[in-house]
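This report concerns only the one structure given below.
Hydrogens, waters and symmetry mates play no part in the numbers below; they use all other heavy atoms, side chains included. Because the structure is predicted, anything quoted here is derived from the model rather than measured. Just follow the structure's listing: the first ligand is 1, and inside any ligand the first atom is 1.
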Amino acid sequence: MRPSPVPPAPVVIRQERAGDADEIGAVVAAAFSLAEHSAPPTRPGGPPGEVDLLVALRADTGWLPGLSLIACADGQVVGHVVCTRAHVDGVRALGLGPLSVRPNRQGEGIGGALVRAVLDQAAEAGESLVALLGDPAYYGRFGFVPARQVGVESPDPAWGDFFQARSLGSGDTPTGRFDYAAPFSSV
Ligand SMILES: CC(C)(COP(=O)(O)OP(=O)(O)OC[C@H]1O[C@@H](n2cnc3c(N)ncnc32)[C@H](O)[C@@H]1OP(=O)(O)O)[C@@H](O)C(=O)NCCC(=O)NCCS
């Protein structure tokens, strides 16, 4: 009898908990080391800048523990997404990212499941708008559009249509200049 292939372990999405940070950092490092675009290391020979960005965000007032989600399979972290406090013309909004999936688990829908889960959580929390810097070919499927189409001005005009936004349906969608949580300005 031929051995049957072992089905992949089911993926569970849950909030980040104390003790998860190191494993998340390893997934972020692995994902962004192979990514087409990544932030430069903050120290010579260090991991991609997204790793230290996440450490700085956790220590920042913009950190929202309920919006840091991990994907777990077989007890191991295979993906992570976070939204942090941002502002649009002084009004509360969210910045999404970094988003990371362990390279050997990419293309299985884990990134998509994390994005949908964090958007659902944010909407449930009464948030009105999420913005991010990323590839429109990826984020368009989740309802993101170039931010300027909805009156949200990018922190850096050079980002063009890669700076995207999505309304969450709660209250009026703010318009004006978007400001990420402070640690983003050092990447
Ligand atoms: C981007 C990323 C999170 C996607 O996670 P994933 O689990 O592989 O995504 P999913 O399985 O949900 O979706 C796969 C689909 O997204 C597409 N996709 C993945 N990355 C993409 C990108 N940068 N641009 C356009 N499409 C992309 C794949 O081609 C695939 O398309 P298909 O559904 O038409 O086959 C993952 O590739 C990753 O960690 N990349 C490195 C870090 C990174 O770039 N993060 C995003 C920064 S904005």
Side-chain angles (χ1 to χ4, degrees), residues 7-16 20-42 46-58 62 64 67-74 76-84 86 93-122 129-149 152 154-166 178-181 183-187:
V11 173
V12 174
I13 293 182
R14 65 158 171 85
Q15 274 180 26
E16 174 180 342
D20 288 331
D22 287 352
E23 224 188 316
I24 293 171
V27 170
V28 177
F32 280 92
S33 296
L34 297 180
E36 203 178 324
H37 302 285
S38 61
T42 54
E50 284 80 3
V51 174
D52 286 340
L53 169 63
L54 195 53
V55 171
L57 284 170
R58 260 193 213 99
L64 303 169
L67 297 181
S68 179
L69 305 184
I70 61 172
C72 281
D74 241 351
Q76 286 200 315
V77 178
V78 293
H80 174 256
V81 68
V82 66
C83 285
T84 48
L94 294 173
L96 188 152
L99 165 68
S100 318
V101 174
R102 192 183 282 279
N104 68 348
R105 299 297 307 259
Q106 290 178 7
E108 296 176 24
I110 296 172
L114 282 167
V115 172
R116 290 189 181 93
V118 83
L119 293 177
D120 284 352
Q121 284 286 116
L129 180 118
V130 186
L132 58 84
L133 176 64
D135 194 330
Y138 185 62
Y139 289 101
R141 70 193 71 192
F142 310 112
F144 285 89
V145 296
R148 57 185 155 203
Q149 279 182 21
V152 176
S154 173
D156 182 343
W159 294 349
D161 287 352
F162 284 75
F163 187 67
Q164 300 158 71
R166 181 195 192 275
F178 185 90
D179 290 302
Y180 274 111
F184 278 91
S185 54
S186 23
V187 289

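Residues Glu23 and Val77 approach most closely at OE2-N, 2.8 Å, considering heavy atoms. Between Pro155 and Phe163, the closest heavy-atom pair is CD-CZ, 3.7 Å. Shortest non-hydrogen contact noted between Leu129 and Ala165 is CD1-CB, 4.3 Å. Nearest heavy-atom pair across Ile110 and Ala71 is CG2-CB, 3.6 Å. Contact detail for Pro48 and Ser38: the closest heavy-atom pair is CB-CB, 4.3 Å. The two residues Leu94 and Leu67 have their closest heavy-atom pair at CD1-CD1, 3.8 Å.
A donor-acceptor pair under 3.5 Å is absent between the side-chain atoms of Asp74 and the main chain of Gln76, judged by distance alone. In this structure, Gln15 contributes its side chain and Leu69 its backbone to no donor-acceptor pair below 3.5 Å.
For atom 41 (C) of ligand 1, the closest heavy atom belonging to the protein is Ala31 O, 3.5 Å. Scanning the protein heavy atoms around atom 27 (C) of ligand 1, the nearest turns out to be Tyr138 CD1, 3.7 Å.
Between atom CD1 of residue Ile24 and atom OG of residue Ser68 there is a gap of 5.0 Å, rounded to the nearest 0.5 Å.
By the 4.5 Å heavy-atom criterion applied to side chains, Val145 and Gln164 are not counted as neighbours.
Contacts with ligand 1 closer than 4.0 Å are made by backbone heavy atoms (N, CA, C, O) of Glu108 only, the side chain lying farther away. Counting heavy atoms closer than 4.0 Å to ligand 1, residue Phe142 contributes nothing at all. Residue contacts with ligand 1, taken as heavy atom pairs separated by less than 4.0 Å, involve Arg141 solely via side-chain atoms from C-beta onward.
Set against the non-hydrogen atoms of Gly109, the atoms of ligand 1 under 4.0 Å away are 10 (P), 11 (O), 12 (O). Of all the atoms in ligand 1, the ones that sit under 4.0 Å from a non-hydrogen atom of Leu133 are 48 (S). Against a heavy-atom cut-off of under 4.0 Å, Ser100 is close to the following atoms of ligand 1: 39 (O). For ligand 1, the atoms closer than 4.0 angstrom to any heavy atom of Gly112 are 12 (O).
For atom 33 (O) of ligand 1, the protein comes within 4.0 Å by at least one heavy atom. Shown here, atom 2 (C) of ligand 1 is out of close reach of the protein: none of its heavy atoms lies under 4.0 Å off. Atom 5 (O) of ligand 1 lies below 4.0 Å from at least one non-hydrogen atom of the protein.
Polar contact check, Asp135 against ligand 1: a nitrogen or oxygen pair lies under 3.5 Å apart. Of the N or O atoms in Ala113, none lie within a sub-3.5 Å distance of an N or O in ligand 1. The shortest N or O to N or O distance between Val101 and ligand 1 is under 3.5 Å. Checked by distance only, ligand 1 and Gly111 come closer than 3.5 Å through their nitrogen or oxygen atoms.
Among Pro48, Gly107, Ala35, the residue whose heavy atom lies nearest to atom 14 (C) of ligand 1 is Gly107. Distances from atom 37 (O) of ligand 1 to the heavy atoms of Gln106, Gln164, Glu36 put Gln106 nearest. Remark: among candidates Leu114, Leu99, Val11, Leu34, the nearest residue to atom 45 (N) of ligand 1 is Leu99, based on non-hydrogen atoms.
Within a 6.0 Å radius of CG in Asp22, no more than 12 heavy atoms belonging to other residues, nucleotides or ligands are found.
Proximity of the aromatic rings of Phe144 and Tyr138 is defined here by a centroid distance below 6.0 angstrom, and this criterion is not met.
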